[in-house]
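Residue numbering restarts at 1 for every chain, and letters A, B, ... go by the order of the sequence lines.
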Protein chains: 2
Amino acid sequence: MSADSPAGRAPARNKRADAVRNEQTLLAAAAEVFVTSGVDAPIRQIAARAGVGLGTIYRHFPTRAELVTAVYRHQIEACAEAGPRLLADAGSPFDALRQWIDLFVDFLVTKHGLADALQSDSSRFAALHTYFLDRLEPVCAQLLAAAVEAGDIRPGTQPYELMRGIGNLCVGRDSDPRYDPRRLIDVLLQGLRRSGPA
Amino acid sequence: MSADSPAGRAPARNKRADAVRNEQTLLAAAAEVFVTSGVDAPIRQIAARAGVGLGTIYRHFPTRAELVTAVYRHQIEACAEAGPRLLADAGSPFDALRQWIDLFVDFLVTKHGLADALQSDSSRFAALHTYFLDRLEPVCAQLLAAAVEAGDIRPGTQPYELMRGIGNLCVGRDSDPRYDPRRLIDVLLQGLRRSGPA
DNA sequence: AAACTAACTGGAGCAACGTTCCGGTTCAGG
DNA sequence: CCTGAACCGGAACGTTGCTCCAGTTAGTTT
């Protein structure tokens, strides 16, 4: 797509100053609203918070997914970049994988309703889903491959499937204190290890 | 709650014949609409299919969850009853657990969007969630306990958490052919086994 | 500096949906 | 057959996503 605005470098000479300003305002407003009302908050609410009209918000972010992506882009990026670093620093590839997944879960869980949005009705949010996966799946694949290589886990696990599964397990975390996705993700990780661990 | 209509025995002497008729029509219509449009289908669509007004549907099933519950009640019941039977018939408690989970997953997966609904925004569907768990959690607990007793799996797993996790893993199954919840559920089950299997 | 134009803005407006409410209708008992 | 209580249908209201365009403004040209 266009490599312009959301990266946030120079004002991109053909973009008007007020438009840039509005985009920033919108991102800030959306971020605020997301923490209180979740990523499903009514567009009108975000527009009101930013003090702009509906047209403006749709002009800058035609779909909700694009807005959510823009708001969380740098965090996703951080998560992606942490992958190789963990692989280098952690004691074992399996540890690296575990820690990376922890990071990922942290991200999903601290954003109110993000996990729900990611998985729910795939038509909305499709772009969000895509962006997450495009960026993070290779990282996951690398960690997975390293762990297989080291003999920590058995081969055959698809990165895509694992990431979706983890995302799914994070859905609806707030609804019941008895449900803690981390425990299950731990079990899942255990299941990934070689059966007879030599 | 009231042990009247949905059980389907005698017409419950204080309920009018047309009301009973409508309730049946509604259930049939809802079942049909659910398979084509998912459990999120617009109320109006169900009402139209049944040839009744909106008021009627709300009178019989004040919340969507109650309608869904009523439609699937006998299948949930069947799943619940299968638990003890599997425990008696299967080769090991672990096998019984595995088969029962298979049944559960079948149920969730064949109903378009049921899993999504079960987990999504907890306020709607809350009753559905509750009914599922009230009925099925004890069964799951029994299977789990038996498997622990037999030394097949390690102790400490909460039935509630396991069921929610499995339900979550089934969310959004149709959106991508690369995602097959069963594979992950298998991994999860492996993770439940004792680490050092003696 | 003034005029011009392309981009941007705001919100009215439409459609879809959930839900409530009540006037009219119909069943069941007398 | 008569009557009232239960039931029915759908109009109506509030909320939401999204489109569309008349009016405004920023940046450029003369």
Side-chain angles (χ1 to χ4, degrees), chain A residues 2 4-6 10-27 29-30 33-34 36-68 113 116-117 120-128, chain B residues 2 4-5 10-27 29-30 33-34 37-68 113 116-117 120-128:
Chain A
S2 58
D4 45 39
S5 44
R13 75 158 167 278
N14 56 354
K15 197 156 208 185
R16 264 169 54 168
D18 55 343
V20 174
R21 222 181 311 129
N22 262 331
E23 191 165 307
Q24 289 311 111
T25 311
L26 272 174
L27 281 176
V33 171
F34 284 172
T36 54
S37 308
V39 293
D40 265 321
I43 296 287
R44 279 174 174 80
Q45 189 179 340
I46 300 170
R49 176 69 154 249
V52 305
L54 278 175
T56 305
I57 203 166
Y58 275 104
R59 162 174 297 268
H60 287 294
F61 307 99
T63 73
R64 183 184 289 271
E66 290 177 56
L67 178 57
V68 178
D116 302 52
S120 74
D121 188 273
S122 43
S123 57
R124 292 169 73 198
F125 293 115
L128 178 60
Chain B
S2 59
D4 45 39
S5 43
R13 73 157 171 280
N14 55 353
K15 197 155 209 186
R16 266 169 53 167
D18 56 343
V20 174
R21 220 181 312 130
N22 263 331
E23 192 165 306
Q24 290 310 111
T25 310
L26 234 22
L27 280 176
V33 172
F34 284 171
S37 308
V39 294
D40 265 319
I43 296 287
R44 279 174 174 81
Q45 189 179 340
I46 300 171
R49 177 70 155 245
V52 305
L54 280 173
T56 305
I57 205 167
Y58 275 102
R59 162 176 298 268
H60 287 294
F61 307 99
T63 73
R64 182 180 226 96
E66 290 177 55
L67 178 56
V68 178
D116 302 52
S120 73
D121 188 273
S122 44
S123 57
R124 294 168 75 200
F125 293 116
L128 178 60

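In this structure, A:I43 reaches the sugar-phosphate backbone alone: every heavy-atom distance under 4.0 Å involves primed, P, OP1 or OP2 atoms, never a base. In this structure, A:R59 reaches the bases: a heavy-atom distance under 4.0 Å links it to at least one base atom across the strands shown.
Nearest nucleotide to the side chain of B:P42, out of D:dG9, C:dC17, D:dT16: C:dC17. Closest to the side chain of A:V52, out of D:dC18, C:dG10, D:dA26, is C:dG10. Nearest to the side chain of B:L54, among C:dT19, D:dG27, D:dC8, sits C:dT19. Nearest to the side-chain atoms of B:K15 among the listed nucleotides D:dG17, C:dC8, D:dC7 stands D:dC7. Side-chain proximity of B:Y58 to the nucleotides C:dC8, C:dT19, C:dG10 is greatest for C:dT19. For B:D18, whose side chain is taken as the heavy atoms from C-beta onward, the closest listed nucleotide among C:dC27, C:dT9, C:dG18 is C:dC27.
One atom, CD1 of B:I46, and another, C1' of C:dA16, lie 15 Å apart when rounded to the nearest Å. For the pair B:I57 CD1 and C:dC17 P, the computed distance is 14 Å after rounding to whole Å. B:L26 has its CG atom 12 Å from the C1' atom of D:dC8, to the nearest Å. Rounded to an integer number of Å, the gap from A:R21 CZ to C:dA7 C1' is 14 Å. As rounded to whole Å, 17 Å separates atom C1' of C:dT19 from atom CZ of B:F61. Atom-to-atom, CG of A:L67 to C1' of D:dG17 comes out at 14 Å; the value is rounded to the nearest Å. Computed from coordinates, the B:R16 CZ to C:dT26 P distance equals 10 Å when rounded to whole Å.
The backbone N or O of A:F34 lies less than 3.5 Å from no partner atom in the side chain of A:S37, so there is not a single donor-acceptor pair. Side-chain atoms of A:R64 come within 3.5 Å of backbone atoms of A:V39 as a donor-acceptor pair (strictly under, hydrogens ignored).
Phosphate proximity of C:dT9 to A:N22: present, with a side-chain N or O under 4.0 Å from OP1 or OP2. For D:dG17, the OP1/OP2 oxygens have a side-chain nitrogen or oxygen of A:R64 closer than 4.0 Å. A close approach under 4.0 Å does not occur between any side-chain nitrogen or oxygen of A:H60 and OP1 or OP2 of C:dC8.
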Exercise for the section: Would you check, one step at a time, whether the test side-chain contact (heavy atoms from CB on, under 4.5 Å) holds for B:I46 with B:L67? Expected result: CA-CA 11 Å; B:I46 300 171; B:L67 178 56; 4.0 Å; yes
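Taking for each of A:A41 and A:G55 the nucleotide of DNA chain D with the nearest heavy atom, the 5'-most of the two is the partner of A:A41.
Side-chain contact check for B:F61 versus B:L27: some heavy-atom pair is nearer than 4.5 Å.
In this structure, CD1 on A:I57 lies 5.0 Å from CG on A:L26, to the nearest 0.5 angstrom.
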